[in-house]
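Computed from heavy atoms alone, side chains included, the values below leave out hydrogens, waters and symmetry copies. If you read the sequence from its start, that first residue is 1, and numbering goes on from there. Computed from a predicted model, the values in this text were never measured in an experiment.
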Amino acid sequence: MNNETSPVREFAMRFTSSTRGARLARRLVSHRLDSWGHPYTGHANETLTLITSELAANAVRHGHVAGRDFHLRLTETGSSPRTLRIEVTDTRTERVPPLLAPQEPPGDDESGRGLFIVARLASRWAVALRVDGPGKTVWAELWLPAETPAPSQPVSRFPAKA
């Protein structure tokens, strides 16, 4: 998170380090973004959901430590530019992705494109070693244009009394 700004919205949760946990993380981020006013089919939701999918899959595939979960944190800041930020933390320190710009793998390889996709979609991203324990956090930010809609108002499930 930018040190100058505090999140106006935040969602955080731990997930099992499994493909099921990664899938659940992606779905909950998409749902949370929709509830914050970023519709499922909108650019911000689709982009950040894809970034989340790649980071969660990497945490499961490359950051897995038996018996340890991965942690996800989603925030939105209200400062200029409005920013959505996703952080995925795992407990594996020795498998830190390179900080150089990731390259697209040659040929028809079916893996190795995750951080390449993140780098292409995110406004900025980086990797940071955890200070409160072993592991690392890979984060990505998506800067929102000024015309992004405000969060939708809650809808009452009960009809108004006449």
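- Atom CZ in R9 sits 6.0 Å away from atom NE2 in H38 (nearest 0.5 Å).
- When T52, N45, T47 are each tested for a side chain to side chain donor-acceptor pair (under 3.5 Å) with T49, only one passes: N45.
- The distance from atom CG of L72 to atom OG1 of T89, rounded to the nearest 0.5 Å, is 8.5 Å.
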Assess the residue pair V138 and V118 against the criterion (side chain to side chain contact (heavy atoms under 4.5 Å, CB included)); give the C-alpha distance rounded to whole Å, side-chain angles, the decisive distance to 0.1 Å, and a yes or no. CA-CA 10 Å; V138 182; V118 169; 5.9 Å; no

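- Here the straight-line distance linking atom CG of L28 with atom CZ of F15 works out to 5.0 Å at 0.5 Å rounding.
- Between A22 and V60, the shortest heavy-atom distance links the atoms CB-CG2, 4.1 Å.
- With rounding to the nearest 0.5 angstrom, the CG atom of L121 is 8.0 Å from the NE2 atom of H43.
- Contact between S123 and W143 at its shortest, heavy atoms only, is OG-N, 2.8 Å.
- Across all non-hydrogen atoms, the minimal contact from A44 to L144 is CB-CD2, 3.7 Å.
- The CZ atom of R85 sits 11.0 Å away from the CD atom of E10 when rounded to the nearest 0.5 Å.
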Could you check L74 against L33 for side chain to side chain contact (heavy atoms under 4.5 Å, CB included), going step by step and ending with a plain yes or no? CA-CA 9 Å; L74 170 68; L33 288 169; 4.1 Å; yes

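- Side-chain atoms of T75 never come within 3.5 Å of backbone atoms of P7 as a donor-acceptor pair (strictly under, hydrogens ignored).
- Of all the heavy atoms in E46 and Y40, the pair that sits closest is CG-O, 3.4 Å.
- Summarising the geometry of S17 relative to R68, their closest heavy-atom pair is CB-O, 3.4 Å, with the distance given to 0.1 Å.
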Applying side chain to side chain contact (heavy atoms under 4.5 Å, CB included), run through W139 and R124 and close with a yes or a no. CA-CA 9 Å; W139 60 265; R124 67 182 187 156; 3.8 Å; yes

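- Taking hydrophobic clusters as Ile, Leu, Val, Met, Phe, Trp and Tyr residues chained together by side-chain heavy-atom distances below 4.5 Å, V127 shares a cluster with I117.
- Each of K136, R130, R73 was checked for a salt bridge (charged side-chain N to carboxylate O under 4.0 Å, His left out) with E87, and the lone residue meeting it is R73.
- Looking at heavy atoms from C-beta onward, L55 lies in side-chain contact with L115 at the 4.5 angstrom threshold.
- Of all the heavy atoms in T16 and D69, the pair that sits closest is CA-OD1, 3.6 Å.
- Going from atom CD1 of I86 over to atom OG1 of T137 covers 11.5 Å, rounded to the nearest 0.5 Å.
- Judged by distance alone, the side chain of S30 and the main-chain N or O of R26 form no donor-acceptor pair under 3.5 Å.
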